[in-house]
Colleague: 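This is the structure, below, for whatever I ask next.
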Amino acid sequence: MAPNTISFTTDYGLADGFVAACHGAIARLAPAARVIDVTHLVPPGDVRRGAAVLAQTVPAFPPSVHLAVVDPGVGTARRPIALSTVDGSLLVGPDNGLLVPAAEALGGIATAIHLTNRAWFAASVSATFHGRDIFAPVAARLAAGAPLPEAGDPIGDPVTLPPPYVAFVDGRLESEILTVDHFGNIQLAAREVDLPAAVLVNGTPAIRATTFGDVPPGALVVFTDSAGYLAIAVNGGDAAALLAVNPGGRVVIAP
């Protein structure tokens, strides 16, 4: 049974018609499909952030088609791909590492296909808008029940992103920042670790706790977030602004 839900994640923003054009392409081919927008505010070209958002969102869905486009290499030799996963989901997007973490979150890759069947694309394919002309039509056809093998040729080497930096050095945890959310909460690449009740985060005093309200207003808290990653927040404030850090940077947590 084909998934009839399409999730949609991009860095297209909301000021232009790019998202709507992709919705229109889907509606032409799969009018009965339900499209759920995850976000279109991934920072432009930030494949790692898009991959993290996608991977942490897809487990909440039933088996679905996950359409994701963060594609700074659009129109180049990078491949358009689709992946099937162990749980029966499908992922469609550029072969730049964006899709693989989500596939792993859904049990792993079952099949990887290089999208080469041009009959599945729009009649005219722009070099700079594969979201509308390749990925959305493919996602729509899959949601409408078309078999994945007909989309192209099997591959065994989808691109993966380099693992984020996490290390223990001289009793300190050093971790790359995966994401910073709308509230300024910092999500680290490190998972749950044993930390003392009082720590320093980049030299700033913090409290190891379970949730924001466990510390006084304005205090820095280190906790495990809803995705199972170690995270840093300020109760009622913006931790990223306080610590002057951004995704891709690093923090040091010391006793």
Side-chain angles (χ1 to χ4, degrees), residues 1-12 17-40 50-51 54-55 57-58 60-71 73-103 105-159:
M1 185 174 181
N4 65 356
T5 298
I6 300 173
S7 84
F8 190 22
T9 304
T10 76
D11 62 349
Y12 288 162
F18 304 130
V19 172
C22 293
H23 274 269
I26 292 168
R28 283 178 176 270
L29 295 169
R34 175 177 58 173
V35 182
I36 298 176
D37 294 286
V38 176
T39 181
H40 301 293
L54 188 65
T57 303
V58 295
F61 282 73
S64 303
V65 179
H66 299 288
L67 169 61
V69 189
V70 181
D71 193 15
V74 62
T76 69
R78 73 95 187 92
R79 297 175 296 194
I81 61 169
L83 309 176
S84 67
T85 65
V86 170
D87 86 324
S89 297
L90 299 160
L91 298 107
V92 179
D95 185 25
N96 59 10
L98 177 66
L99 305 182
V100 172
L106 294 170
I109 297 172
T111 306
I113 298 290
H114 177 196
L115 302 175
T116 57
N117 183 356
R118 296 189 65 86
W120 280 36
F121 303 169
S124 178
V125 176
S126 164
T128 58
F129 200 178
H130 286 185
R132 178 195 63 193
D133 298 338
I134 295 178
F135 300 128
V138 168
R141 292 179 189 278
L142 293 171
L148 177 61
E150 293 183 6
D153 304 313
I155 56 173
D157 60 343
V159 171

Colleague: Are more than 12 heavy atoms, taken from residues, nucleotides or ligands other than Phe61, located less than 6.0 Å from that residue's CZ atom?
Modeller: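 Atom CZ in Phe61 is packed in, count exceeds 12.
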Colleague: Closest heavy-atom contact between Val69 and Gly131?
Modeller: CG2-CA, 4.2 Å
Colleague: What residues, two or more places apart in sequence or in another chain, satisfy salt bridge (Lys or Arg N to Asp or Glu O under 4.0 Å) together with Arg34?
Modeller: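 Arg34 satisfies salt bridge (Lys or Arg N to Asp or Glu O under 4.0 Å) with no other residue.
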Colleague: With the side chain counted from C-beta on, respond yes when Leu67 and Val35 share a heavy-atom pair under 4.5 Å apart, and no when they do not.
Modeller: no
Colleague: Tell me every residue that passes side chain to side chain contact (heavy atoms under 4.5 Å, CB included) with Ala21, counting only those two or more places apart in sequence or in another chain.
Modeller: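 Ala21 satisfies side chain to side chain contact (heavy atoms under 4.5 Å, CB included) with Phe129, Arg132 only.
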Colleague: What's the shortest heavy-atom distance between Ala33 and Ala143, and which atoms?
Modeller: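 The answer is CB-CB, 4.3 Å.
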Colleague: Is the closest side-chain donor-acceptor distance between Thr111 and Ser84 under 3.5 Å?
Modeller: yes
Colleague: Indicate the atoms forming the closest heavy-atom contact of Ala30 with Ala140, along with that distance.
Modeller: CB-O, 3.4 Å
Colleague: Can you sort out the partners of Pro147 under side chain to side chain contact (heavy atoms under 4.5 Å, CB included), two or more places apart, ordered by chain and number?
Modeller: Pro149, Glu150
Colleague: With sequence neighbours excluded, what pairs up with Ala103 under the side chain to side chain contact (heavy atoms under 4.5 Å, CB included) test?
Modeller: Leu83, Thr85, Leu91, Ile109
Colleague: Just how far is it from atom CD1 of Ile134 to atom CZ of Phe121, taken to the nearest 0.5 Å?
Modeller: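 So the gap between those two atoms works out to 4.5 Å.
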Colleague: Under a plain distance cut-off of 3.5 Å, with no hydrogens placed, do Asp153 and Thr116 share a side-chain donor-acceptor pair?
Modeller: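 There is such a pair (donor and acceptor under 3.5 Å, judged by atom type) between the side chains of Thr116 and Asp153.
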Colleague: Would you compute the distance between atom OG of Ser7 and atom CG of Leu90 and round it to the nearest 0.5 angstrom?
Modeller: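 Reported value, rounded in 0.5 Å steps: 11.0 Å.
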Colleague: Can you tell me if Ser64 uses its side chain to pair, donor with acceptor, with the backbone of His66 under 3.5 Å?
Modeller: no
Colleague: Among residues two or more places apart or on two chains, list those pairs meeting side-chain hydrogen bond (donor to acceptor under 3.5 Å, both in side chains) that have a residue in residues 90-101.
Modeller: Arg79-Asp95
Colleague: Taking all heavy atoms of Val19 and all of Tyr12, pick out the closest pair and write down the distance.
Modeller: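 The pair with the smallest heavy-atom distance is CG2-CB, 3.9 Å.
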Colleague: So how far is it from Leu54 CG to Thr10 OG1, rounded to the nearest 0.5 Å?
Modeller: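 Answer rounded to 0.5 Å: 11.5 Å.
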Colleague: Looking at every heavy atom in both Pro101 and Gly97, which two are closest together, and how far apart are they?
Modeller: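 Between these two residues, the closest heavy atoms are CD-O, 3.2 Å.
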Colleague: Side chain to side chain contact (heavy atoms under 4.5 Å, CB included) with Arg78: which residues, sequence neighbours excluded?
Modeller: Asp71, Val74, Thr76, Pro80, Pro94, His130, Phe135
Colleague: Between Leu148 and Ala82, what is the shortest heavy-atom contact and its length?
Modeller: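 For Leu148 and Ala82, the tightest heavy-atom pair comes out as CD1-CB, 3.7 Å.
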Colleague: Counting only N and O atoms by type, is there a donor-acceptor contact under 3.5 Å from the side chain of Asp87 to the main-chain atoms of Gly107?
Modeller: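 No, the answer is negative, given that no donor and acceptor are paired below the 3.5 Å cut-off.
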Colleague: Rounded to the nearest 0.5 Å, what separates atom CG in Leu115 from atom CD1 in Ile155?
Modeller: 8.5 Å
Colleague: Hey, does Trp120 have a side-chain heavy atom less than 4.5 Å from the side chain of Val138?
Modeller: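 Val138 vs Trp120: side chains touch.
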